[in-house]
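Chain naming here is simple, since letters A, B, ... match the order of the sequence lines and numbering starts at 1 in each. The structure displayed is predicted, hence computed values, not measured ones.
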Amino acid sequence: MRIATFNINGIKARLPRLLEWLEETRPAVACLQEIKSQDEGFPAEAFEKIGYHAIWHGQKSFNGVAILADGVKPEETQRGLPLLPGDEEDPQSRYLEAEVNGVRIACLYLPNGNPQPGPKFDYKLAWMRRLQARMRELWQLERPTIVLGDFNVIPEAKDTFSVRAMADDALTQPESRDAYRRLLGDGWTDALDTLNPRGGVWTYWDYQRGAWQRDHGFRIDHCLLSPELADRLVSAGVDKEYRGREKASDHAPVWVEITGT
DNA sequence: ATGACTAGGTGTCCTAGA
């Protein structure tokens, strides 16, 4: 089965591209980020029409995540990350989790954190602490689990076209990278990195500065596998071609192929 | 050195993205 993640940057603006991608690559599960739509504006019928059932967690203007599954309705297991002691209620829609065909799917849109330092960066780091706590709970279940989405972290130097250009960005700060490394330190497998250890694989290209034409990208969309799924990993990749189409998102879809249904 | 693009909301500019 193929499980994919795609930061679509607006579900209204991207719907034709999104339907096209679903029909052409037919992932069993597709996690979406930045739907930028309120719950009532989510175009569930358009997905139903091509055989996908969806759950979603929307928000006005910004953020918003959704999980689509081919021929089966995702069974929601968590909406928003559980709060840690001292945390205030999180008003942003960035996390949605479900069970699909015996696999636990955690779809996330991690805060960008710019500008740093500042409150947005603090929010990002606090969000990553909550994420780690949730991932430890998932780990305890000892079940096939994948945590995927837009992590807004460039894990290492090999994951960006230019270390210098990104030096002051929240995506490359030591605090962001350390927090990501701590997630992996719990035992999760970064699928794309494991299969491309030399790096140079991008999942995002800025709209500005001709970044796409110059292949100035970086890797921020990740798929983390529990041991139960890592053992079943066949391949992983980026549907880079979709970044070059008309009215494209600034991210490309990322996917993993897992043995079994 | 700077700005450059895109989407959304309610706008003729602002915020946010990364």
Please measure how far the [atom1] atom in [N] lies from the corresponding atom in [M], and state the result in whole Å.
N	M	atom1	answer
B/dA1	B/dC14	P	26 Å
B/dG11	B/dT2	P	32 Å
B/dT10	B/dA16	P	14 Å

Contact class for [X] (heavy atom, under 4.0 Å): base, sugar-phosphate, or nothing?
X	value
A/Asn9	sugar-phosphate
A/Phe151	nothing
A/Asn63	nothing
A/Asp168	nothing
A/Lys120	sugar-phosphate
A/Asn152	sugar-phosphate
A/His216	nothing

Where the side chain of [X] is concerned, which of [options] is the nearest nucleotide?
X	options	answer
A/Tyr207	B/dA4, B/dT6, B/dA18	B/dT6
A/Leu171	B/dT6, B/dA18, B/dA7	B/dA18
A/Arg14	B/dT6, B/dA18, B/dG8	B/dT6
A/Lys247	B/dG9, B/dA18, B/dA7	B/dA7
A/Ser61	B/dA18, B/dA7, B/dG8	B/dG8
A/Ala13	B/dA7, B/dG9, B/dG17	B/dA7

A/His251: which of A/Tyr242, A/Tyr204, A/Trp205, A/Phe218 passes ring-ring contact (aromatic ring centres under 6.0 Å, His included):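 Going through the options one by one, the only one that passes is A/Tyr204.
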
Minimum-distance pair of heavy atoms, taken over all atoms of A/Leu138 and A/Ala106: CD1-CB, 4.4 Å

Closest non-hydrogen atom pair between A/Gln116 and A/Phe121, with its separation: CB-CG, 3.6 Å

Output the rounded distance in Å from [atom1] ([X]) to [atom2] ([N]).
X	N	atom1	atom2	value
A/Ile8	B/dA18	CD1	P	13 Å
A/Lys60	B/dG9	NZ	P	7 Å
A/Glu34	B/dG8	CD	C1'	11 Å
A/Asp221	B/dA18	CG	P	9 Å
A/Glu246	B/dA7	CD	P	11 Å
A/Arg209	B/dA4	CZ	C1'	7 Å
A/Asp250	B/dT6	CG	C1'	8 Å
A/Arg243	B/dC5	CZ	P	13 Å

Side-chain donor-acceptor contact under 3.5 Å, A/Asp90 with A/Tyr95: no

Closest-nucleotide ordering on DNA chain B, the 5'-leading residue of A/Gln208 and A/Asn7: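 Counting from the 5' end, the first nearest nucleotide belongs to A/Gln208.
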
5'-most by nearest nucleotide on DNA chain B - A/Gln59 or A/Tyr204: A/Gln59

Check ion pair A/Arg245-A/Glu241 (N to O, under 4.0 angstrom): yes

Spatial distance of atom CZ (A/Phe62) from atom OH (A/Tyr109) [nearest 0.5 Å]: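 Going from the CZ atom of A/Phe62 to the OH atom of A/Tyr109 covers 10.0 Å.
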
Phosphate OP1/OP2 of B/dG17 contacted by A/His251 side-chain N/O (<4.0 Å): no

Of A/Thr203, A/Thr160, A/Asp159, the residue whose pairing with A/Arg219 passes side chain to side chain donor-acceptor pair (under 3.5 Å):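 Answer after filtering A/Thr203, A/Thr160, A/Asp159: A/Asp159.
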
